[in-house]
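I have placed the structure first, in the form of structure tokens, so that the comments after it can refer back to it.
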Amino acid sequence: QLQDTCAVNMLVLVNGEPKVLPLSAMLDHYLTFQEEIITRRTRFDLEKALREQHILEGYKIAIDNIDEVISIIRSSPASDIIVLVATFVLTVVFDLVVAIVVGIILATVLFMKRIMETTEISVINDEINPGDEMGLSHVHDTLAIPEGCAVYEINGPFFFGIANKFEELESVLKAGERPKVQIIRMRRVPFIDSTGIHNLTMLIESNQEKGTEVILAGVTPKVQKQLLKAKFHKILCHSNFCENIDKALKRANEILTAKG
């Protein structure tokens with residue numbers, strides 16, 4: 001008998017309600033459901049294509065002006081080329097949103113690296129000209145650096161990589177050449193970030209362990225406010241914060257005299 005007829009339970013959910021439908025009504029609901037699915041899928045594909053339309057238009061503009069694009073790429077810094085290529089590849093492989101997020105992060109990291117490379121640390125071995133510092137009285141034509149004292153000057157923002165530059169400068173010193181006092185001029189440091197404060201703290205503590213006193217000279221009000229906020233006075237006494245290089249050298253002479 002199963003070869004001739006079979007029973008089918010036509011109980012289905014229609015708009016959340018259970019109903020028993022004849023075959024014709026069930027086919028109508030099924031076709032309506034498939035129509036809705038196809039419509040939704042088509043709208044989704046259309047919206048996705050419209051979102052990517054400006055990308056394709058950008059590609060067309062780039063291809064139409066390929067010579068100029070190549071000229072711009074060749075004349076751009078390596079970091080900009082890296083960001084451009086990475087964003088382009090991620091846009092093609094994944095999505096524009098992913099490409100933008102990664103591009104912003106990559107550009108930020110490369111910008112910080114570029115800024116860090118512009119920061120210079122110089123060692124002053126000879127006499128110091130007091131005329132190149134504002135707020136310093138010109139009592140003497142030059143300021144002499146006492147024996148046993150080293151003067152370093154930072155020119156640029158204080159980031160995480162500056163401590164490595166200090167280590168490179170100190171690595172060339174022999175054991176007997178290590179200064180008893182180290183003056184760090186920070187008059188040309190516009191700002192310092194949290195990693196810079198951490199590295200400066202480690203640098204001072206390392207020098208103190210080796211018997212070297214550190215004096216900060218010419219710290220700008222903005223940087224000094226950040227150092228005080230980070231409770232920097234706990235590792236460096238107030239007298240080792242000097243307004244200018246003249247007072248820093250006087251403080252260095254006091255420390256050298258006390259050490260004998």
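Note that CG of N244 and NZ of K250 are 8.5 Å apart. Values are rounded to the nearest 0.5 Å. Atoms CG and CD1, on N253 and I145 in that order, are 11.0 Å from each other to the nearest 0.5 Å. If you take CG on L249 and SG on C242, they are separated by 9.0 Å, rounding to the nearest 0.5 Å.
A pairwise comparison of heavy atoms in I183 and C149 identifies CD1-SG, 3.7 Å as the closest pair. Residues T42 and I38 share a closest heavy-atom pair of OG1-O, 2.7 Å. What you find for A252 and I215 is that their closest heavy atoms are N-CD1, 3.7 Å. Across T87 and G103, no two heavy atoms sit closer than the pair OG1-CA, 3.9 Å. When all heavy atoms of A86 and L106 are compared, the closest pair comes out as CB-CD2, 3.9 Å. Considering every non-hydrogen atom in both L256 and G148, the closest pair reads CD2-O, 3.9 Å.
Hydrophobic clustering (side-chain heavy atoms under 4.5 Å, transitive across Ile, Leu, Val, Met, Phe, Trp, Tyr) keeps L13 apart from L11.
Among residues two or more places apart in sequence or in another chain, the side-chain contact (heavy atoms from CB on, under 4.5 Å) test is passed with I37 by F33, R41. Partners of A107 by side-chain contact (heavy atoms from CB on, under 4.5 Å), not counting sequence neighbours, listed by chain and number: V83. Qualifying side chain to side chain donor-acceptor pair (under 3.5 Å) partners for R40, counting only residues two or more places apart in sequence or in other chains: E36.
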Side-chain donor-acceptor pairs of residues 224-239 under 3.5 Å, sequence neighbours excluded:
{"residue": "Q226", "atom": "NE2", "partner": "I192", "partner atom": "O", "Å": "3.0"}
{"residue": "S239", "atom": "OG", "partner": "R251", "partner atom": "NH2", "Å": "3.3"}

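Within 6.0 Å of CD in E35 there are 12 or fewer heavy atoms belonging to other residues, nucleotides or ligands.
Using modelled atom types, no side-chain atom of T212 and backbone atom of K180 make a donor-acceptor pair closer than 3.5 Å.
Side-chain atoms of P190 and T220, non-hydrogen and from C-beta on, never get closer than 4.5 Å to each other. Counting heavy atoms from C-beta on, the side chains of H29 and V14 come closer than 4.5 Å. Counting heavy atoms from C-beta on, the side chains of Q182 and E213 never come closer than 4.5 Å. Side-chain contact check for I184 versus L203: some heavy-atom pair is nearer than 4.5 Å. You'll find the side chain of V151 reaches within 4.5 Å of the side chain of R185, heavy atoms only.
A salt bridge between R188 and E153 is present, with a side-chain N of the basic residue lying under 4.0 Å from a carboxylate O of the acidic one.
In the hydrophobic clustering (ILVMFWY side chains linked at under 4.5 Å, chained through shared members), L46 is joined by L50. M202 forms part of no hydrophobic cluster, judged by ILVMFWY side-chain heavy-atom separations under 4.5 Å.
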How far apart are the C-alpha atoms of V214 and L216, what are their side-chain angles, what is the distance that settles it, and do they pass the side-chain contact (heavy atoms from CB on, under 4.5 Å) test?
CA-CA 7 Å; V214 177; L216 301 183; 4.3 Å; yes
